[in-house]
Amino acid sequence: MTYTRRIDLRSDTVTQPDETMRVAMSSAQVGDDVLDHDPTMRRLEEETAARLGMAAALWVPSGTMGNVIAMVVHLRRGDRFLAPRAAHVLEAELGSSAWLAGGMPQPLEWTAGPGRINPEDVRAYASQSSPYYALTTRLLCLENTHNFAGGSVTPPDEHARLVSAAREAGLLVHLDGARLWNASVALGVPPAALTVGVDTVQVCLSKGLGAPVGSLVAGSRSFVTEARRVRKMLGGGVRQGGILAAAGLVALERIDDLALDHANAARLAEGLAELGWEVGKPETNIVIAAVPDTAAALDGLDRVGVLATAVPGGVRFVTHRDAPEADITEALRRISAARSPAPAA
(Lines give C-alpha, C1' and ligand atoms only; values in the text may rest on other atoms or scores of the structure.)
Protein backbone atom coordinates (compact mmCIF):
# COMPACT_ATOMS: atom_id res chain seq x y z
CA MET A 1 0.00 0.00 0.00
CA THR A 2 1.24 3.49 -0.89
CA TYR A 3 0.74 6.32 1.59
CA THR A 4 0.62 9.75 -0.03
CA ARG A 5 0.74 11.61 3.30
CA ARG A 6 3.95 11.09 5.21
CA ILE A 7 4.14 11.40 8.98
CA ASP A 8 7.40 13.17 9.70
CA LEU A 9 8.87 12.24 13.08
CA ARG A 10 12.51 12.85 12.16
CA SER A 11 12.83 15.94 14.38
CA ASP A 12 10.87 18.72 16.03
CA THR A 13 12.73 21.06 13.66
CA VAL A 14 10.33 20.10 10.84
CA THR A 15 7.58 22.24 12.41
CA GLN A 16 6.34 25.11 10.29
CA PRO A 17 5.06 28.54 11.40
CA ASP A 18 1.28 28.62 11.57
CA GLU A 19 -0.97 31.47 10.51
CA THR A 20 -0.73 33.28 13.86
CA MET A 21 3.05 33.28 13.66
CA ARG A 22 3.09 34.33 10.00
CA VAL A 23 0.80 37.28 10.73
CA ALA A 24 3.05 38.37 13.60
CA MET A 25 6.05 38.20 11.27
CA SER A 26 4.33 40.19 8.54
CA SER A 27 3.41 43.02 10.90
CA ALA A 28 6.62 43.15 12.95
CA GLN A 29 8.18 46.51 13.76
CA VAL A 30 11.70 46.36 12.35
CA GLY A 31 14.97 48.28 12.15
CA ASP A 32 18.58 47.59 11.23
CA ASP A 33 19.72 45.33 14.03
CA VAL A 34 23.42 45.69 13.21
CA LEU A 35 23.26 49.51 13.32
CA ASP A 36 20.46 50.38 15.71
CA HIS A 37 19.28 47.13 17.39
CA ASP A 38 15.98 46.11 15.80
CA PRO A 39 13.15 46.89 18.29
CA THR A 40 11.39 43.53 17.97
CA MET A 41 14.69 41.72 18.29
CA ARG A 42 15.39 43.69 21.46
CA ARG A 43 12.01 42.65 22.90
CA LEU A 44 12.70 38.98 22.17
CA GLU A 45 16.17 39.14 23.72
CA GLU A 46 14.91 40.86 26.86
CA GLU A 47 11.96 38.47 27.24
CA THR A 48 14.18 35.42 26.79
CA ALA A 49 16.80 36.68 29.24
CA ALA A 50 14.09 37.23 31.84
CA ARG A 51 12.70 33.72 31.38
CA LEU A 52 16.17 32.23 31.74
CA GLY A 53 17.13 34.32 34.76
CA MET A 54 20.05 35.86 32.88
CA ALA A 55 21.07 39.50 32.56
CA ALA A 56 20.98 39.68 28.76
CA ALA A 57 20.54 37.58 25.62
CA LEU A 58 21.52 37.68 21.95
CA TRP A 59 19.56 36.26 19.01
CA VAL A 60 21.57 33.98 16.70
CA PRO A 61 20.51 32.11 13.56
CA SER A 62 21.19 28.66 15.01
CA GLY A 63 21.95 26.76 18.18
CA THR A 64 25.32 25.75 16.76
CA MET A 65 26.26 29.41 16.37
CA GLY A 66 25.07 30.14 19.91
CA ASN A 67 27.19 27.34 21.33
CA VAL A 68 30.30 28.21 19.35
CA ILE A 69 30.00 31.89 20.32
CA ALA A 70 30.03 30.85 23.98
CA MET A 71 33.05 28.64 23.33
CA VAL A 72 34.94 31.42 21.52
CA VAL A 73 34.33 33.82 24.41
CA HIS A 74 35.11 31.32 27.18
CA LEU A 75 38.10 29.38 25.80
CA ARG A 76 41.66 30.22 24.92
CA ARG A 77 43.03 28.23 22.01
CA GLY A 78 44.13 24.80 23.23
CA ASP A 79 42.02 24.88 26.40
CA ARG A 80 40.14 21.72 27.28
CA PHE A 81 36.41 21.67 27.85
CA LEU A 82 34.35 18.90 29.42
CA ALA A 83 31.02 17.66 28.06
CA PRO A 84 28.85 14.55 28.43
CA ARG A 85 29.62 11.83 25.91
CA ALA A 86 27.65 12.28 22.66
CA ALA A 87 26.74 15.86 23.57
CA HIS A 88 25.51 17.91 20.64
CA VAL A 89 28.60 20.14 20.77
CA LEU A 90 30.72 17.00 20.32
CA GLU A 91 28.73 15.02 17.77
CA ALA A 92 26.54 17.33 15.70
CA GLU A 93 28.26 20.68 15.25
CA LEU A 94 31.03 19.69 12.78
CA GLY A 95 33.80 20.15 15.33
CA SER A 96 33.19 23.90 15.47
CA SER A 97 34.25 23.97 19.12
CA ALA A 98 37.71 22.86 17.98
CA TRP A 99 37.84 24.45 14.53
CA LEU A 100 36.53 27.89 15.42
CA ALA A 101 36.94 28.14 19.20
CA GLY A 102 40.19 26.17 19.45
CA GLY A 103 38.87 23.97 22.27
CA MET A 104 40.08 20.45 23.12
CA PRO A 105 37.01 18.32 23.92
CA GLN A 106 36.96 15.78 26.74
CA PRO A 107 33.85 13.56 26.75
CA LEU A 108 32.65 12.39 30.17
CA GLU A 109 30.88 9.05 30.52
CA TRP A 110 27.24 8.79 31.57
CA THR A 111 27.89 7.58 35.10
CA ALA A 112 24.75 9.18 36.57
CA GLY A 113 22.23 7.85 34.01
CA PRO A 114 21.58 8.29 30.28
CA GLY A 115 23.18 11.56 29.16
CA ARG A 116 24.07 12.48 32.75
CA ILE A 117 27.51 12.92 34.26
CA ASN A 118 28.88 12.80 37.79
CA PRO A 119 30.33 15.75 39.73
CA GLU A 120 33.29 13.57 40.73
CA ASP A 121 34.25 13.13 37.08
CA VAL A 122 34.14 16.91 36.64
CA ARG A 123 36.46 17.33 39.61
CA ALA A 124 38.83 14.62 38.35
CA TYR A 125 39.33 16.17 34.93
CA ALA A 126 39.42 19.73 36.22
CA SER A 127 42.35 19.25 38.57
CA GLN A 128 44.60 22.30 38.56
CA SER A 129 47.59 20.41 40.03
CA SER A 130 48.87 19.16 36.66
CA PRO A 131 52.32 20.15 35.30
CA TYR A 132 52.58 23.25 33.16
CA TYR A 133 52.63 21.28 29.91
CA ALA A 134 49.32 19.52 30.63
CA LEU A 135 46.01 20.66 29.20
CA THR A 136 44.29 23.52 30.97
CA THR A 137 40.64 22.71 31.62
CA ARG A 138 38.56 25.86 31.51
CA LEU A 139 34.93 25.01 30.74
CA LEU A 140 32.16 22.54 31.56
CA CYS A 141 29.54 22.28 28.84
CA LEU A 142 26.25 20.74 29.99
CA GLU A 143 23.27 19.72 27.85
CA ASN A 144 19.65 19.69 29.02
CA THR A 145 17.86 17.84 27.57
CA HIS A 146 20.51 15.49 26.19
CA ASN A 147 19.55 14.89 22.57
CA PHE A 148 21.37 11.66 21.78
CA ALA A 149 20.46 10.14 25.14
CA GLY A 150 16.82 10.27 24.09
CA GLY A 151 15.92 13.68 25.47
CA SER A 152 16.99 12.81 29.01
CA VAL A 153 16.46 15.51 31.63
CA THR A 154 18.86 16.78 34.28
CA PRO A 155 16.85 17.91 37.34
CA PRO A 156 17.71 21.12 39.26
CA ASP A 157 19.43 19.43 42.21
CA GLU A 158 21.71 17.40 39.95
CA HIS A 159 22.41 20.48 37.83
CA ALA A 160 23.36 22.39 40.99
CA ARG A 161 25.85 19.72 42.06
CA LEU A 162 27.53 19.77 38.65
CA VAL A 163 27.78 23.56 38.63
CA SER A 164 29.13 23.50 42.18
CA ALA A 165 31.82 20.99 41.20
CA ALA A 166 32.79 23.15 38.24
CA ARG A 167 32.96 26.27 40.38
CA GLU A 168 35.10 24.56 43.02
CA ALA A 169 37.53 23.62 40.24
CA GLY A 170 37.59 27.12 38.77
CA LEU A 171 35.67 26.21 35.61
CA LEU A 172 33.22 28.29 33.62
CA VAL A 173 29.89 26.63 32.75
CA HIS A 174 27.96 26.77 29.48
CA LEU A 175 24.57 25.10 29.14
CA ASP A 176 23.43 23.86 25.74
CA GLY A 177 19.72 24.21 26.40
CA ALA A 178 18.45 23.75 22.85
CA ARG A 179 15.55 21.80 24.40
CA LEU A 180 15.66 23.43 27.84
CA TRP A 181 11.99 24.34 27.38
CA ASN A 182 11.18 20.61 27.21
CA ALA A 183 13.12 19.97 30.39
CA SER A 184 11.26 22.81 32.11
CA VAL A 185 7.86 21.43 31.11
CA ALA A 186 8.77 17.83 31.95
CA LEU A 187 9.93 18.81 35.45
CA GLY A 188 7.23 21.41 36.08
CA VAL A 189 9.77 24.10 36.96
CA PRO A 190 10.50 27.50 35.36
CA PRO A 191 13.40 27.55 32.87
CA ALA A 192 15.42 29.77 35.22
CA ALA A 193 15.49 26.93 37.75
CA LEU A 194 17.62 24.96 35.27
CA THR A 195 20.16 27.71 34.55
CA VAL A 196 21.20 28.53 38.11
CA GLY A 197 24.93 29.19 38.35
CA VAL A 198 25.81 28.91 34.67
CA ASP A 199 27.79 31.58 32.89
CA THR A 200 25.99 31.17 29.59
CA VAL A 201 23.06 29.25 28.11
CA GLN A 202 21.82 28.65 24.58
CA VAL A 203 18.14 27.99 23.86
CA CYS A 204 16.37 27.18 20.60
CA LEU A 205 13.07 28.51 19.24
CA SER A 206 12.92 26.52 16.00
CA LYS A 207 12.29 23.09 17.45
CA GLY A 208 9.05 22.21 19.23
CA LEU A 209 8.04 25.85 19.64
CA GLY A 210 7.56 26.17 15.89
CA ALA A 211 9.58 29.26 14.95
CA PRO A 212 11.12 28.97 11.46
CA VAL A 213 14.63 29.90 12.57
CA GLY A 214 16.53 31.21 15.56
CA SER A 215 18.17 30.54 18.91
CA LEU A 216 19.46 32.80 21.67
CA VAL A 217 22.59 32.75 23.78
CA ALA A 218 22.36 34.44 27.17
CA GLY A 219 24.66 35.46 29.97
CA SER A 220 26.02 38.61 31.60
CA ARG A 221 25.77 41.95 29.84
CA SER A 222 29.51 41.98 29.25
CA PHE A 223 29.29 38.49 27.72
CA VAL A 224 26.50 39.56 25.35
CA THR A 225 28.50 42.64 24.31
CA GLU A 226 31.39 40.41 23.29
CA ALA A 227 29.04 37.76 21.86
CA ARG A 228 27.56 40.36 19.51
CA ARG A 229 31.06 41.03 18.15
CA VAL A 230 31.73 37.31 17.66
CA ARG A 231 28.35 36.83 15.98
CA LYS A 232 29.31 39.51 13.45
CA MET A 233 32.66 37.77 12.84
CA LEU A 234 30.78 34.55 12.08
CA GLY A 235 28.44 36.26 9.64
CA GLY A 236 25.49 36.21 12.00
CA GLY A 237 24.69 39.92 11.97
CA VAL A 238 21.13 40.50 10.80
CA ARG A 239 19.43 43.60 9.48
CA GLN A 240 15.63 43.68 9.79
CA GLY A 241 15.72 40.70 12.12
CA GLY A 242 12.46 41.69 13.77
CA ILE A 243 10.60 39.61 11.20
CA LEU A 244 12.26 36.52 12.65
CA ALA A 245 12.14 37.78 16.22
CA ALA A 246 8.36 38.23 15.96
CA ALA A 247 8.07 34.50 15.33
CA GLY A 248 10.25 33.91 18.38
CA LEU A 249 7.98 36.00 20.60
CA VAL A 250 4.99 33.92 19.52
CA ALA A 251 7.02 30.77 20.14
CA LEU A 252 7.80 31.77 23.73
CA GLU A 253 4.08 31.89 24.48
CA ARG A 254 3.76 28.23 23.43
CA ILE A 255 6.18 26.61 25.85
CA ASP A 256 3.38 24.91 27.81
CA ASP A 257 2.20 23.24 24.59
CA LEU A 258 5.29 21.02 24.74
CA ALA A 259 3.43 18.89 27.28
CA LEU A 260 1.32 17.60 24.38
CA ASP A 261 4.46 16.51 22.54
CA HIS A 262 5.63 14.66 25.65
CA ALA A 263 2.28 12.91 25.98
CA ASN A 264 2.39 11.89 22.32
CA ALA A 265 5.91 10.52 22.76
CA ALA A 266 4.66 8.38 25.63
CA ARG A 267 1.78 7.12 23.46
CA LEU A 268 4.16 6.30 20.63
CA ALA A 269 6.57 4.45 22.91
CA GLU A 270 3.77 2.42 24.48
CA GLY A 271 2.34 1.55 21.07
CA LEU A 272 5.69 0.49 19.66
CA ALA A 273 6.34 -1.66 22.73
CA GLU A 274 3.01 -3.40 22.22
CA LEU A 275 4.13 -4.18 18.66
CA GLY A 276 7.31 -5.83 19.92
CA TRP A 277 9.79 -2.97 19.57
CA GLU A 278 12.42 -2.48 22.27
CA VAL A 279 11.66 1.05 23.43
CA GLY A 280 12.71 3.00 26.49
CA LYS A 281 10.30 5.25 28.35
CA PRO A 282 10.72 8.79 26.98
CA GLU A 283 11.33 11.65 29.41
CA THR A 284 10.33 14.32 26.91
CA ASN A 285 9.48 14.19 23.18
CA ILE A 286 12.22 11.85 21.89
CA VAL A 287 11.61 8.11 21.50
CA ILE A 288 14.57 5.78 20.92
CA ALA A 289 13.85 2.28 19.62
CA ALA A 290 16.61 -0.36 19.55
CA VAL A 291 16.67 -2.37 16.32
CA PRO A 292 19.04 -5.03 14.93
CA ASP A 293 19.37 -3.31 11.56
CA THR A 294 18.91 0.45 11.51
CA ALA A 295 18.94 0.79 7.73
CA ALA A 296 16.31 -1.93 7.33
CA ALA A 297 14.18 -0.36 10.05
CA LEU A 298 14.23 3.06 8.41
CA ASP A 299 13.47 1.50 5.01
CA GLY A 300 10.50 -0.36 6.46
CA LEU A 301 9.18 2.78 8.13
CA ASP A 302 9.64 4.76 4.92
CA ARG A 303 7.54 2.22 3.03
CA VAL A 304 4.61 2.93 5.35
CA GLY A 305 5.12 6.70 5.18
CA VAL A 306 6.61 7.18 8.66
CA LEU A 307 9.88 9.13 8.80
CA ALA A 308 12.45 8.68 11.58
CA THR A 309 16.22 9.09 11.90
CA ALA A 310 19.12 6.79 12.64
CA VAL A 311 20.95 6.70 15.96
CA PRO A 312 23.63 4.20 16.98
CA GLY A 313 21.89 0.86 17.42
CA GLY A 314 18.41 2.15 16.73
CA VAL A 315 16.03 4.70 15.33
CA ARG A 316 14.81 7.97 16.78
CA PHE A 317 11.29 9.38 16.61
CA VAL A 318 10.59 12.96 17.73
CA THR A 319 7.05 14.16 18.39
CA HIS A 320 6.13 17.79 17.74
CA ARG A 321 3.28 20.28 17.31
CA ASP A 322 2.79 19.45 13.62
CA ALA A 323 2.26 15.75 14.39
CA PRO A 324 -0.80 15.69 16.68
CA GLU A 325 -2.20 12.69 18.55
CA ALA A 326 -4.11 11.56 15.45
CA ASP A 327 -0.82 11.28 13.54
CA ILE A 328 0.72 9.16 16.29
CA THR A 329 -2.30 6.86 16.19
CA GLU A 330 -2.05 6.64 12.40
CA ALA A 331 1.69 5.96 12.52
CA LEU A 332 1.16 3.06 14.90
CA ARG A 333 -1.69 1.74 12.72
CA ARG A 334 0.55 1.77 9.65
CA ILE A 335 3.41 0.06 11.45
CA SER A 336 1.05 -2.55 12.81
CA ALA A 337 -0.52 -3.16 9.40
CA ALA A 338 2.94 -3.73 7.98
CA ARG A 339 3.53 -6.32 10.71
CA SER A 340 5.99 -4.10 12.55
CA PRO A 341 8.76 -3.56 9.95
CA ALA A 342 11.69 -3.73 12.38
CA PRO A 343 11.04 -5.08 15.86
CA ALA A 344 14.04 -5.53 18.10
CA ALA A 345 15.75 -8.91 18.01
Side-chain angles (χ1 to χ4, degrees), residues 1-16 85-86 88 91-92 110 113-116 143 145-154 178-179 181-183 185-188 207-210 256-345:
M1 182 177 181
T2 301
Y3 295 92
T4 57
R5 189 177 73 86
R6 302 170 78 74
I7 300 172
D8 196 343
L9 301 176
R10 291 173 297 168
S11 175
D12 43 13
T13 60
V14 302
T15 55
Q16 298 189 16
R85 178 174 57 81
H88 200 274
E91 299 292 338
W110 302 349
R116 290 154 64 184
E143 183 175 346
T145 68
H146 193 297
N147 183 0
F148 292 119
S152 63
V153 174
T154 300
R179 290 185 173 88
W181 316 119
N182 293 86
V185 169
L187 293 169
K207 292 185 169 61
L209 301 184
D256 290 344
D257 293 353
L258 295 174
L260 299 175
D261 299 342
H262 298 177
N264 282 332
R267 293 186 186 96
L268 178 61
E270 291 168 4
L272 289 172
E274 290 172 0
L275 294 173
W277 293 57
E278 184 182 335
V279 184
K281 183 178 180 181
E283 294 185 41
T284 50
N285 67 321
I286 298 177
V287 177
I288 303 291
V291 295
D293 187 332
T294 299
L298 292 175
D299 184 62
L301 290 166
D302 186 68
R303 286 198 299 272
V304 298
V306 177
L307 304 183
T309 54
V311 294
V315 295
R316 185 189 78 161
F317 305 85
V318 185
T319 55
H320 53 82
R321 64 184 301 112
D322 287 358
E325 182 180 354
D327 279 3
I328 303 305
T329 300
E330 173 63 11
L332 290 169
R333 187 195 68 77
R334 293 181 186 183
I335 295 170
S336 177
R339 299 183 183 276
S340 196

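When every heavy atom of Ala269 is checked against every heavy atom of Val279, the shortest pair comes out as CB-CG1, 3.7 Å. In plain terms, the two heavy atoms of Ala338 and Val304 that are nearest each other are CB-CG1, 3.5 Å. Of all heavy-atom pairs spanning Ser152 and Gly115, the tightest one is OG-CA, 3.9 Å. When every heavy atom of Pro114 is checked against every heavy atom of Ala149, the shortest pair comes out as C-CB, 3.8 Å. The minimum heavy-atom distance linking Thr15 with Gly210 is given by the pair OG1-CA, 3.5 Å. Here the closest heavy-atom approach between residue Ile288 and residue Gly150 is recorded as CG1-CA, 3.7 Å.
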Show the atom names and distances, to 0.1 Å, of all donor-acceptor pairs under 3.5 Å that link a side chain in residues 310-319 to residues at least two apart or in another chain.
unit_1	atom_1	unit_2	atom_2	d
Arg316	NE	Thr309	OG1	3.4
Arg316	NH1	Asn147	OD1	2.6
Arg316	NH2	Arg10	O	3.0
Thr319	OG1	Asp261	O	2.7
Thr319	OG1	Asn285	O	3.4

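Asp322 meets the side chain to side chain donor-acceptor pair (under 3.5 Å) test with no other residue; sequence neighbours excluded. Applying the salt bridge (charged side-chain N to carboxylate O under 4.0 Å, His left out) test to Glu274 and every residue at least two apart in sequence or in another chain returns nothing. Residues forming a side-chain contact (heavy atoms from CB on, under 4.5 Å) with Ala323 (at least two apart in sequence, or on another chain): Leu9, His320, Asp327. Evaluation of the salt bridge (charged side-chain N to carboxylate O under 4.0 Å, His left out) rule for Glu330 yields Arg333, Arg334 as partners, not counting sequence neighbours. For Asp302, the side-chain contact (heavy atoms from CB on, under 4.5 Å) partners are Arg6, Leu307, not counting sequence neighbours. Here Ala86 pairs with Glu91, Trp110, His146, Phe148 under the side-chain contact (heavy atoms from CB on, under 4.5 Å) rule; sequence neighbours left out. Every residue meeting the side chain to side chain donor-acceptor pair (under 3.5 Å) condition with Ser11, not counting sequence neighbours, appears here in chain and number order: Thr13.
Salt-bridge check for Arg179 with Asp12: passed, with a basic side-chain N closer than 4.0 Å to an acidic carboxylate O.
Of the inter-residue distances, the one linking Glu143 atom CD with Thr145 atom OG1 reads 7.0 Å to the nearest 0.5 angstrom. Here OG1 of Thr154 is found 6.0 Å from CZ of Arg116. Values are rounded to the nearest 0.5 Å. Note that the CG atom of Asp299 and the OG1 atom of Thr294 stand 12.5 Å from one another [nearest 0.5 Å]. Taking CD1 of Ile286 as the reference point, atom CG of Leu268 lies at 12.5 Å (rounded to 0.5 Å). Separating the CG atom in Leu275 from the CD atom in Glu270 is a distance of 12.0 Å, to the nearest 0.5 Å.
Glu283 places a side-chain N or O within 3.5 Å of a backbone atom of Val153 that can act as its donor or acceptor partner.
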